[in-house]
Protein chains: 2
Amino acid sequence: MAVSAKTSDDPKRQRFAPAEREQLIIDGAIQFFADVGFAGQTRELAQRLGITQPLLYRYFPTKQDLIEKVYDEVFIGRWKTAWERLIDDRSIPLRDRLIGFYDAYASEALTYEWIRIYMFAGLAGEDINRRYIELLESRLLIPICTEMRATAGAPDPDQVPISDLEIEAAWNIHAAIFYYFVRKFIYRSPVESDLAAYISDTVDRTLDGALAVTKQTVT
Amino acid sequence: MAVSAKTSDDPKRQRFAPAEREQLIIDGAIQFFADVGFAGQTRELAQRLGITQPLLYRYFPTKQDLIEKVYDEVFIGRWKTAWERLIDDRSIPLRDRLIGFYDAYASEALTYEWIRIYMFAGLAGEDINRRYIELLESRLLIPICTEMRATAGAPDPDQVPISDLEIEAAWNIHAAIFYYFVRKFIYRSPVESDLAAYISDTVDRTLDGALAVTKQTVT
DNA sequence: TTTCTTATTTATCAATCGATAAATTAAAAT
DNA sequence: ATTTTAATTTATCGATTGATAAATAAGAAA
């Protein structure tokens, strides 16, 4: 046997520019907290990052400050306004717009980290979730309801306001997509492997029911 | 001012029979862990119960043992076989059977404690969730698919096995109900207040789409 | 090469947390 | 009334955890 006193994984201390190191920590924290939750220890996070635990406190005054940064990055940072334009594009059938949106939304937003951090935050009583739901209702569900009105030949929301029942119908579509990822990333239960097929099938199954509500509400 | 040395809430030490005390602890633990998660401290739980922390260890060797008991009580203990008979009763229209089932399931199973403990357990990587999902598929979703076959005049599962697509369609119904309670108890977001109306509307919206899958699959 | 800045580590504190042992006391047994 | 049992509390341990202060060293500046 040769050298090796300890299983040292400290080949040479590496220095980063503060902005770069901060980003490395945030990215690592997203992964880490998604895995173990916000009760995870700062020492274990530091170990994953290949740094020592006190270094975290050079960049974030408290653990809670780091958690806030994780929220910002994951929830605020991932919403794309391009998605909203997709929903409004009446040159495409509504069904196809919804499928296009959910394809994009699933691959860019509903990731492993997103779903789990979102659920951890909700259980911890953070208001991030309520705020996100408000965003979702105003930027996604109400536009969908508006487009369903147009598709169904029903009055514009300017004339007849969108009802709670119509919003709930739109939630049903969203819930069906969302729950797929809850099963996959939280329960780690086997799910349909062809995501694109699942999304288009689910939109087909749920859209007609929602459209029926639209027609029924405004008569 | 009069006496009162400390804010003592220890008017007189009260003794319970072991079985009774054990049940008090389990019930308190369900409430407590539902509120704060399994990272909650045993001292805080004891305080809520009006007992001292070491007394918990007289009844449960470790915190994990107490958690297991909570799982048993909440998940195993709340499933009613009567629900299964309800789904199979072909003297009633399938729509009404589903509404009846979800009325009962929502009020008896999908409570604040159930939803939150279920999600905490899932995030913690417990296999309780996977096992529960297996129970749900075999005891609820496959029977629902079977009844949809009968309703749609399609072949019995004995002749043409239930497809994954049909199961996914049944999941859509379930997801729509389940997500309502996630919004209510996890995000604490305002939801439709009339639960019975929500359930019947949701079944109406989602059942037709699922039935369309049934008809389509077996042609 | 030498100096200087500061990113990073080492060492450590104080509070928290699960768990154990011994002392106390409410209530049943005698 | 006295004794006995055991449910409950008091006291405490050892490990963990977020956070701080001082020492170290990588890399830029001179």
Side-chain angles (χ1 to χ4, degrees), chain A residues 5-33 35-71 120-121 124 126, chain B residues 5-33 35-71 120-121 124 126:
Chain A
K6 41 166 65 175
T7 44
S8 170
D9 35 5
D10 180 31
K12 186 164 284 187
R13 182 190 291 190
Q14 188 166 10
R15 288 163 72 109
F16 285 91
E20 198 176 347
R21 175 65 82 190
E22 181 173 333
Q23 194 57 50
L24 283 174
I25 292 176
I26 293 174
D27 292 345
I30 290 174
Q31 278 293 331
F32 176 69
F33 288 133
D35 283 339
V36 307
F38 296 113
Q41 310 168 14
T42 54
R43 278 174 180 76
E44 198 184 332
L45 167 59
Q47 192 175 25
R48 284 209 200 182
L49 285 163
I51 60 176
T52 58
Q53 180 247 7
L55 187 57
L56 297 172
Y57 289 85
R58 170 90 176 190
Y59 292 89
F60 304 95
T62 68
K63 182 181 175 183
Q64 193 57 37
D65 286 311
L66 174 55
I67 291 174
E68 309 285 354
K69 278 280 183 186
V70 166
Y71 286 150
F120 276 123
E126 303 283 350
Chain B
K6 44 165 66 176
T7 44
S8 169
D9 36 6
D10 180 32
K12 186 163 285 188
R13 181 191 292 190
Q14 188 166 9
R15 289 162 72 109
F16 285 92
E20 197 176 350
R21 175 64 82 190
E22 180 173 334
Q23 194 57 50
L24 284 173
I25 292 176
I26 293 173
D27 293 344
I30 290 173
Q31 278 293 332
F32 176 69
F33 288 133
D35 283 339
V36 308
F38 296 113
Q41 310 169 14
T42 53
R43 279 174 179 78
E44 198 183 331
L45 167 59
Q47 192 175 24
R48 283 209 199 182
L49 285 163
I51 61 176
T52 57
Q53 180 246 9
L55 187 58
L56 296 173
Y57 289 86
R58 170 92 178 190
Y59 292 90
F60 305 93
T62 68
K63 182 181 174 182
Q64 193 57 38
D65 286 311
L66 175 55
I67 291 173
E68 309 284 354
K69 278 279 183 187
V70 167
Y71 287 149
F120 276 123
E126 303 283 349

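In what follows, chains are A, B, ... by sequence order, proteins preceding strands, each numbered from 1.
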message = From CD of B:E20 over to C1' of D:dA6, roughly how many Å is that when rounded to an integer?
response = 16 Å
message = Under 4.0 Å, heavy atoms only, any strand: does B:R21 hit a base, just the sugar-phosphate, or nothing?
response = sugar-phosphate
query = Are any non-hydrogen side-chain atoms of B:Y59 and B:L55 less than 4.5 angstrom apart?
reply = yes
remark   = Winner on side-chain proximity to B:R15, out of D:dG27, D:dA21, D:dA6, is D:dA6
inquiry  = Quick check for you: among C:dT9, C:dA7, C:dG18, whose closest atom lies nearest to any side-chain atom of B:T42?
reply    = C:dG18
ask   = Roughly, in whole Å, what's the span from CD in A:Q23 to P in C:dA7?
value = 17 Å
query = Once you round it to whole Å, what is the distance between P of C:dT16 and CD of B:Q47?
reply = 13 Å
ask   = Atom CZ of A:R43 to atom C1' of D:dG18: distance rounded to whole Å?
value = 7 Å
Residue of the set B:L66, B:T42, B:I67 for which side-chain contact (heavy atoms from CB on, under 4.5 Å) holds with B:F60 = B:L66
query = Of the nucleotides C:dA19, D:dG18, C:dT6, which one has an atom closest to the side chain of A:R58?
reply = C:dT6
Length of the CD1-C1' vector between A:I51 and C:dT10, whole Å = 15 Å
ask   = When only distance counts, do a donor and an acceptor, one from the side chain of A:Q53 and one from the base of D:dA19, lie under 3.5 Å apart?
value = yes
request  = Would you check if there is a donor-acceptor pair between the side chains of A:Q31 and A:D27 at a distance under 3.5 Å?
outcome  = no
remark   = Rounded to whole Å, CG of B:L66 lies from P of C:dA19 at a distance of 10 Å
query = How would you label the contact of B:P18 with the nucleic acid (heavy atoms, under 4.0 Å): base, sugar-phosphate, or nothing?
reply = sugar-phosphate
Along DNA chain C (nearest heavy atom to each residue), the more 5'-positioned of B:A39 and A:A17 = A:A17
inquiry  = Taking any heavy-atom pair under 4.0 Å as a contact, classify B:Y59: base, sugar-phosphate, or nothing.
reply    = sugar-phosphate
key: Interatomic distance where CD belongs to B:E44 and P belongs to C:dG18 [whole Å]   = 10 Å
ask   = Nearest to the side chain of A:P54 - D:dT9, D:dG18, C:dA11?
value = C:dA11
message = Over 60° means perpendicular and under 30° means parallel, so tell me whether A:F33 and A:F38 are parallel, tilted or perpendicular.
response = tilted
Options D:dA19, D:dT12, D:dT8, nucleotide nearest the side-chain atoms of A:Y57 = D:dA19
message = Atom NZ of residue position A:K63 - does it have more than 12 heavy atoms of other residues, nucleotides or ligands inside 6.0 Å?
response = yes
request  = Tell me whether the OP1 or OP2 atom of C:dT8 has a side-chain N or O from A:T52 closer than 4.0 Å.
outcome  = no
query = Once you round it to whole Å, what is the distance between P of C:dT8 and CZ of A:F60?
reply = 12 Å
